[in-house]
Amino acid sequence: MAQKSADDNYRLPERQEVGALFRSPEFHRCQPSVQICQPEEFVRSARACKRYWARSYAGWRRFTAAQPGPAHRALSSVDKVGRVNLMITQNVDRMHQRAGSNPLELHGTVYSVACLECGNSIGRDLFQDQVKALNPKWASATESLDSGDPGSDKSFGMQQRPDGDIEIDEKYWEEDFNIPNCEKCNGFLKPDVVFFGDNVPKERADRAMNAAKECDAFLVVGSSLMTMSAFRLVRTAHEMGAAIAIVNIGETRADSFVPLKINARCGEAPHSNDGT
């Protein structure tokens with residue numbers, strides 16, 4: 001598994017991930033494209049929905065420009081030499097894929113957008129184009145974040161925060177931002193991720209659990225394991241007799257039964273040239 005501190009050495013705020021299973025990472029603080037409201041808010045509150053998508057649209061270019069860090073590359077190296085049976089991630093940013101891995105995305109990804117009514121999904125790039133078509137002035141406004149006058153009327157009050165988040169004066173997104181609906185049923189669209197309190201889709205959860213039951217060794221990278229979706233995988237692997245190790249800063253939920261723990265940032269943990 002690879003959890004949140006797999007990302008603590010690259011240039012976006014901290015998130016959560018899970019990890020890698022070896023055979024013989026609330027949504028906490030996140031960049032604007034990941035910081036989400038609860039699913040019912042997309043249906044009950046047009047204001048909450050607008051606020052999310054306005055900030056997400058504005059921050060998408062910076063979000064997709066981020067590059068994988070040392071931990072992503074190290075895990076990819078181990079994966080490529082055939083030592084990983086399955087990598088599982090709770091991250092929704094596809095940073096592991098950009099490093100060359102192909103993890104199971106336990107909590108989905110912000111690179112696709114799903115309808116809350118019919119379940120139809122589309123790629124995020126297409127959704128961004130639809131938003132741009134409905135809000136042509138916002139495209140130039142987001143560009144002004146880099147070269148214009150941040151916080152001005154021209155930039156719709158947008159201001160880039162040091163942590164990568166984007167603040168937008170509510171008077172702009174409340175009145176001047178339109179959100180596309182599902183092309184099939186006109187339903188509400190949300191990022192195709194598992195919200196807090198939601199269940200991981202059964203097929204995905206079963207695949208992760210089966211891997212935990214069958215693995216010989218289980219490595220947790222950068223996770224406190226406070227979310228049940230991650231902790232139960234480690235607990236199951238332990239109950240099945242797998243060797244388990246954790247690389248993480250600070251306390252984890254599995255400290256009481258995991259015999260090997262390295263208290264370090266994932267990108268700083270010792271490894272050889274082949275990623276081990």
Side-chain angles (χ1 to χ4, degrees), residues 1-10 14-28 68-107 194 200 204-276:
M1 294 177 57
Q3 184 94 353
K4 63 186 175 190
S5 56
D7 303 303
D8 56 19
N9 293 98
Y10 86 110
E14 178 182 289
R15 286 168 325 289
Q16 277 201 334
E17 222 187 319
V18 196
L21 297 166
F22 293 78
R23 179 181 295 279
S24 37
E26 177 186 87
F27 294 103
H28 298 317
H72 298 104
R73 293 191 292 270
L75 287 168
S76 177
S77 297
V78 178
D79 195 5
K80 288 176 180 177
V81 296
R83 298 190 181 184
V84 178
N85 179 46
L86 178 65
M87 180 183 292
I88 306 170
T89 179
Q90 284 180 269
N91 274 2
V92 297
D93 58 14
R94 296 212 164 152
M95 202 59 64
H96 284 293
Q97 285 89 333
R98 296 181 71 177
S101 299
N102 184 31
L104 172 64
E105 294 174 314
L106 196 64
H107 287 169
V194 176
V200 174
R204 205 181 302 165
D206 287 348
R207 184 184 175 196
M209 183 57 70
N210 289 337
K213 290 177 179 178
E214 297 171 1
C215 70
D216 298 310
F218 194 122
L219 176 63
V220 179
V221 182
S223 174
S224 62
L225 300 174
M226 294 303 174
T227 59
M228 181 54 69
S229 59
F231 173 71
R232 67 180 180 179
L233 298 177
V234 181
R235 181 179 61 190
T236 297
H238 170 70
E239 292 171 349
M240 298 300 292
I244 303 175
I246 296 174
V247 181
N248 186 65
I249 298 174
E251 180 181 356
T252 82
R253 196 173 182 177
D255 285 353
S256 62
F257 60 82
V258 173
L260 175 59
K261 179 181 176 184
I262 299 174
N263 193 45
R265 289 180 178 273
C266 302
E268 297 171 356
H271 59 272
S272 65
N273 290 334
D274 66 357
T276 60

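Within 6.0 Å of CD in Glu239 there are more than 12 heavy atoms belonging to other residues, nucleotides or ligands. Residue-environment remark: CG (Asp206) exceeds the threshold of 12 foreign heavy atoms within 6.0 Å.
Considering only heavy atoms from C-beta on, Ile249 comes within 4.5 Å of Arg265 through its side chain. Under the 4.5 Å side-chain criterion, counting only non-hydrogen atoms from C-beta, Leu225 is in contact with Ile246. Residues Val220 and Thr252 have side chains not in contact (no heavy-atom distance under 4.5 Å, counting atoms from C-beta outward). Contact annotation: the side chain of Arg235 never approaches that of Arg253 to less than 4.5 Å [non-hydrogen atoms, C-beta and beyond].
Between Glu105 and Arg94, at least one side-chain nitrogen of the basic residue sits less than 4.0 Å from a carboxylate oxygen of the acidic one, meeting the salt-bridge criterion.
Annotation for Asn263 and Gly250: closest pair OD1-N, 2.8 Å, computed over non-hydrogen atoms. When all heavy atoms of Ser229 and His107 are compared, the closest pair comes out as OG-NE2, 3.2 Å. The two atoms that bring Asn248 and Glu251 nearest to each other are ND2-O, 4.0 Å, heavy atoms only. The nearest pair of heavy atoms linking Ala208 to Leu106 is CB-CD1, 4.0 Å. Ser76 approaches Ser101 most closely through the heavy-atom pair CA-OG, 3.3 Å. For the pair Pro68 and Met95, the tightest heavy-atom approach, listed with the atom from each and the gap, is N-SD, 3.4 Å.
Between atom NE2 of residue His72 and atom CG of residue Asp93 there is a gap of 6.0 Å, rounded to the nearest 0.5 Å. Rounding to the nearest 0.5 angstrom, the gap separating the CG atom in Leu104 from the CE atom in Met87 is 11.5 Å. To the nearest 0.5 Å, atoms CD (Glu214) and CG (Asn210) are separated by 5.5 Å. Taking CG of Asp79 as the start and CZ of Arg73 as the end, the distance is 15.5 Å to the nearest 0.5 Å.
Screening Leu233, Asn85, Ile88 for a side chain to side chain contact (heavy atoms under 4.5 Å, CB included) involving Phe218 leaves a single residue, Leu233.
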message = What verdict does the side-chain contact (heavy atoms from CB on, under 4.5 Å) test give for Arg207 and Arg204, after you've listed the backbone C-alpha separation in whole Å, the side-chain angles of each residue and the deciding distance to 0.1 Å?
response = CA-CA 5 Å; Arg207 184 184 175 196; Arg204 205 181 302 165; 5.9 Å; no

